[in-house]
Each structure stands twice: as structure tokens, then as C-alpha cells.
A.B. asks: 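Mind looking over this structure? Questions follow.
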Amino acid sequence: MEQHHVRSLLKPSAYPDPTGSVELVQTHVSYIFLTDNFAYKVKKPVDFGFLNFSTPDRRRFYCEEEVRLNRRLCPDIYLGVAEVRDTPAGAAFVGEGQVIDHAVKMKRLPADRMLDRLLSAGLAGEPEIRAVARVVGTFHLEAEHSPEIDAFGDLATINANWVENFQQTRRYCGITLSAGDHDFIRGWVERFMAERVDLFAARVGDGRIRDGNGDIHMENICLGADGRVCIFDCIEFNNRFRYGDTAADIAFLLMDFDFVLRPDLGAAFLDEYMRITNDASVVEMIDFYKVYRAFVRGKVESMRLSDPQIPENEKQAAAARASRYFRLARGYAVRQVLPPTLFITCGLTGTGKSRLSRELSLDLGLEIASSDVVRKELAGLRSTERPEQDYGAGIYTDRFSLLTYGELERRARAALGGGRSIVVDATFRRRADRERFGALARDAGTLFVILHAVCPEPTIRSRLNSRQKDRSEPSDGTWEVYLRQKDEFDPPSALEGNLLCIDTSDTTSAMVDKVLHGLELLPCGKS
């Protein structure tokens, strides 16, 4: 479709349904025109090898396939295939002009009911996620399977998918991932496939290779106000990406939960899914397919960088997302060799402890216990509530701090006792507090790591000023608090545990890589 056609389709008069406005959303493969009540999805004339929409006939065929396949999980949403016509007023979905393209016509789903939005707003939790798991589990039990589909669970096919991914992402080395990480992930994938041949064969034998969805993630799930679950936008353009292990199908959503630091929801989903499907061996495959899903997501975001029709600011955002997905793919491999570990942060307010904790949690799947959040929970306050209190008063008295650290210790003990690693995000400015947690790690027989967060004072001051304007930020830290803490700070030493000094003014990747190299979880020089 030419750009003048796109411009024409931004006119309300181009639609058969009354609408006050038309909004355009682009992906690397589609133009999506949103009217007041409907969505019209036109495929771009692109050919990526694994996806070929290069001719009008191909685009029409895949529009028809998209409607057919998505009606399995959203029967009332996909209305049919609409014709784009060349009229005197320009491209339109009305009129008698020549048909120049086709579009999938859908009912417009409410944006505020998408799972990603609901999670961000705190309006979805374990009950909703279990409802989604029941829908997906039932879908998989009923999905088509056959000898032809089983072939897509064969290691040769799975390996071919990976070879293609590695070839197609090599061009982004040095842009959205490093060459070292590219090789690191490839090595882990190849070892897993070589060592788990029997597992892949058993999945085929157990009938777990199905005609699935291929694209189950939070942005493609709508939870109606009536509790109805709609999972839309499945893969229609290549059977190879839709036929496969049901573990691969659910791994996309589980990876999504990890990406937004909600692995607890992934655990709830998996528990309910296993109850519905009676699929016990799915847990052995999940990490392999999480790596796959994160890597593919990184690839897809990277591809947006080559699209001349996507604005530069959107490309920059896509590059950041791609890097984060590639880091997560690497992290799934890295965390396989991380022994149960107690991490604590150490540093004054504004030094970037919470940011470091969040990013490390992404890579290593760590639980986080934050003093800022726990302190307010103990006081019966919302995490974003900011009581007007002087330094050392109210919830910041020594007595209340003792209670807070006691609760952090309890949570750390529970995690380590369950064989899980955890990062405790607090200032730990007193040596005695650090020693308590070091003793806890020794008693649990786990590794103890102190992450000393440092950065230049101008950066700290700027962060604290910005933080005061961010009402979603749980920290009450100010520049005045920083100066008071500075006078009371006991610097950590290597005698207390495994001490890693991290400059949090550095890039996210550099920060995390320094930690992983310090723990010898990455090959030297492979960052």
C-alpha cells in the first residue's frame, strides 16, 4: 500500500461505519486503522523470509487465515475480511472502485481492558491470571494435532527455527545485543537440545504438539468487565510458528510476566494450566521456550529499526525494548548456574539501589524485598503515600527501622529456605544490619553478595529532585535525607561478604554485566 493510500484511510469518510476520528497504529508488518468501534488491519507488502505479504493475493489469503484462526479464541471479535478500494476520493473501505488491498475487520476492543494495562493499574491479579490459564489450557486440549503437526516438535525443526533466529539477529549485534551475548545464548540453546533429546521426543509422544496460537502475550489478551477472556492476534502467516509444543505457546506469556517483574503471576498461571492439562513435563521445557520467546521478541523489536516509516523516537524505544528482551533471554540461561544467593544493596538514598535491584531481578529471576515498600506496608500506608515527617521521625525512627529490617530478614529467610534467590533493597548503611543478613546467608548455606551502589553526587541530586515529582515512586528520599545519611554511613568492606561496587550512573547493561562478571556467571570478555 502506498503512503497516499495510508493518508486517505485516515479520513473518517473512508469507512462504512460512522466514526469521529481514525487513529493509525503501525507494527513492522501491519497498518492498523482504529475507528470509534472497529479496527481495520492492513498487512504491509513485506517479505522477511519467514513472513511473506509481498503480493495482493498473499495479503488477501493471510487476512482470511487470520480471521479463521482467531475465531477459535475470539469468535465474536473477528468480523471478516474488508476490501480496500481505489475511489476518486482516495483509498477507502466504501465505494465501487478497484480493489487494491484487503484488511481484517475486527470489533475494537477496549484498550483499558488489555491485560498489560490492567496489571499496570493494579486491576488484575492471580484470580484473573488463573482464568486466562483455564482458557488457554482448554484451548490446547482441544487444538488440532496430527502427524503433520507433530513434525514441528521434532528437534530438526526446532533447531532450524533457532538457526534462522541467530542468522537474522547477527545484524543487530552491537546495536541491540552484543556479539558475546549472541554467542552465549546460542551455545546454551545448542547444549540444551543436545542434552535433552529424550525430553523433546517424549513431548511429541505425549501429544503436546498442537496447532496453537503462537502469540499469547499480555497485549493480546483482553479481559472483559464480565470476566470473559479474549485472546486475539494469533500467528497466521507461518504454520511453523503456530504449530509446536504447547510449552512454547504458554512460554510467551510467562516470559511477559518475567519482563514486567511479576514472576508470581507466571507461577499462578503455570499451576492452573498444569491442573487443567495434566501436563507435568511442561515445567522441564519452560525455560528453553522462554529463552526462545524473549529472543524472538528482541528480534522483532530490532526489526522496527529498519522500517523507514516508523518515527525515530519510536525506533529508540524499540531498541531499548529489544535490548531488554535479549538480556532476559540471556538471563534465563545464566540463572541456571546461579546457586541460591542472598543479595543486599548498600548505599545512600538516590544512589540507584532500587534500579539496580529491578534490573538484576529481570536477569536472574530474583525476588525483591524493598525497604521502601515494606516500611509503608508495616505502617498501613500505600507504597506511594508520602507522610510529612522529619528525618528520623515517624516511620523512620530507629524502632520502626528495626521492625522494617526484621520483616526484610523474615522474607529473605523464607526465600532462601525455599531454595530461591532474593535481593533485599535497602540502604544497609549500618554494618550491624549487613552482618545480620550475612549471618542469615551463612546459616542457610547460601552465597552472600553486597551490591554497593555509587554514583556522582550531581546525578544523585538530580535523581532525588525528579523522584519528588514522580507520584508512583515509593521512596521518600530527598537531598537533605541524603546528606544526613552520608554522615551516618558505614562503608562496606570485602570482609563482610562478596562485595561488588556498582556505578549506577552507567548503562543498565553495563551495571548488570559487572554483577554477572563479578559472580563469574558470564564468560570473561563476553559482555
Side-chain angles (χ1 to χ4, degrees), residues 119 122 125-126 260-265 267 340-362 364-418 420-441 443-444 446 448-453 463-464 467-468 470-478 481-482 484-485 488-489 492:
L119 282 181
E126 184 173 326
V260 297
L261 305 184
R262 291 301 306 269
D264 58 308
L265 296 180
T341 302
L342 171 57
F343 295 88
I344 67 169
T345 62
C346 175
L348 307 180
T349 188
T351 51
K353 303 180 301 300
S354 296
R355 174 175 168 241
L356 176 60
S357 297
R358 287 192 298 268
E359 297 302 332
L360 200 59
S361 175
L362 174 76
L364 297 179
L366 306 176
E367 293 182 31
I368 300 178
S370 166
S371 63
D372 289 327
V373 174
V374 167
R375 188 183 297 272
K376 291 181 180 179
E377 286 178 355
L378 293 174
L381 301 173
R382 298 188 306 274
S383 64
T384 55
E385 212 169 331
R386 292 184 177 172
E388 295 290 335
Q389 295 170 343
D390 293 332
Y391 182 79
I395 63 173
Y396 293 97
T397 62
D398 287 344
R399 174 183 168 279
F400 212 94
S401 290
L402 187 63
L403 290 173
T404 301
Y405 276 85
E407 175 60 18
L408 293 172
E409 185 177 359
R410 186 194 69 77
R411 296 187 186 190
R413 182 178 290 108
L416 297 178
R420 304 184 305 277
S421 297
I422 186 170
V423 55
V424 180
D425 173 21
T427 60
F428 280 100
R429 66 182 186 275
R430 298 186 181 94
R431 183 174 293 107
D433 290 329
R434 299 193 295 268
E435 289 174 346
R436 279 173 57 194
F437 280 73
L440 169 61
D443 291 344
T446 63
F448 179 55
V449 179
I450 301 170
L451 302 170
H452 184 196
R463 285 176 179 170
L464 292 172
R467 180 184 292 174
Q468 289 301 298
D470 184 359
R471 304 314 299 176
S472 67
E473 171 59 55
S475 174
D476 298 324
T478 63
V481 169
Y482 168 82
R484 294 288 294 272
Q485 288 182 350
E488 303 170 354
F489 186 64

A.B. asks: To the nearest 0.5 Å, tell me how far Thr446 OG1 sits from Leu440 CG.
C.D. replies: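 The distance works out to 7.0 Å.
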
A.B. asks: Going from CG on Asp372 to CD1 on Ile395, what distance comes out if it is rounded to the nearest 0.5 angstrom?
C.D. replies: 9.0 Å

A.B. asks: What closest approach, in Å, do Leu366 and Ser421 show between heavy atoms, and which atom pair accounts for it?
C.D. replies: CD2-CB, 3.4 Å

A.B. asks: Any side-chain heavy-atom pair from Leu364 and Phe343 closer than 4.5 angstrom?
C.D. replies: yes

A.B. asks: Does Ser361 reach the main-chain N or O of Glu367 with its side chain, forming a donor-acceptor pair under 3.5 Å?
C.D. replies: no

A.B. asks: Just wondering, do Ile368 and Val423 contact through their side chains at under 4.5 Å, heavy atoms?
C.D. replies: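 Of all side-chain heavy-atom pairs linking Ile368 with Val423, at least one is under 4.5 Å.
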
A.B. asks: Quick one, Val481 and Leu464 - any side-chain contact, counting heavy atoms below 4.5 Å?
C.D. replies: no

A.B. asks: State the CD1-CG distance between Ile344 and Asp433, to the nearest 0.5 angstrom.
C.D. replies: 8.5 Å

A.B. asks: Please report the interatomic distance CZ(Arg375) to OG1(Thr404), rounded to the nearest 0.5 Å.
C.D. replies: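 Rounded to the nearest 0.5 Å, the CZ-OG1 separation comes out at 4.0 Å.
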
A.B. asks: If we only count heavy atoms from C-beta on, is the Leu451 to Leu360 side-chain gap below 4.5 Å?
C.D. replies: yes

A.B. asks: Considering all heavy atoms of both residues, which atom of Arg434 and which atom of Phe448 are nearest to each other, and what is their separation?
C.D. replies: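 Shortest heavy-atom separation between Arg434 and Phe448 comes out as O-CZ, 3.7 Å.
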
A.B. asks: Is a donor on one side and an acceptor on the other found under 3.5 Å between the side chain of Gln485 and the backbone of Thr349?
C.D. replies: yes

A.B. asks: If only atom types and distance count, is the side chain of Tyr405 paired as donor or acceptor with the main-chain N or O of Phe428 below 3.5 Å?
C.D. replies: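 Yes: the side chain of Tyr405 pairs with the backbone of Phe428.
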
A.B. asks: For Lys353 and Ala453, which heavy atoms make the closest approach, and how far apart are they?
C.D. replies: CG-CB, 3.8 Å

A.B. asks: Report the C-alpha distance between Leu408 and Phe437 in whole Å, list the side-chain angles of each, state the deciding distance to 0.1 Å, and finish with yes or no for side chain to side chain contact (heavy atoms under 4.5 Å, CB included).
C.D. replies: CA-CA 9 Å; Leu408 293 172; Phe437 280 73; 4.0 Å; yes

A.B. asks: Just so I know, are the side chains of Leu378 and Val374 near enough to count as touching, which here means a heavy-atom distance under 4.5 Å?
C.D. replies: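 With C-beta onward as the side chain, the pair touches.
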
A.B. asks: Which atom pair, heavy atoms only, marks the closest approach of Val424 to Leu342?
C.D. replies: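 Nearest heavy atoms, Val424 then Leu342: CG2-CD1, 3.9 Å.
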
A.B. asks: For Arg420 and Ala414, work out which heavy atoms get closest and say how close.
C.D. replies: NH2-O, 3.7 Å

A.B. asks: Is there any side chain to side chain donor-acceptor pair (under 3.5 Å) pair reaching into residues 408-417, and which pairs are they, with sequence neighbours excluded?
C.D. replies: Glu377-Arg411, Glu407-Arg410, Glu407-Arg411, Glu409-Arg413, Glu409-Arg436

A.B. asks: Which distance, rounded to the nearest 0.5 Å, do you find between the OG of Ser401 and the CZ of Arg430?
C.D. replies: 6.0 Å

A.B. asks: Nearest 0.5 Å, what's the CZ-CG distance between Phe489 and Leu348?
C.D. replies: 5.5 Å

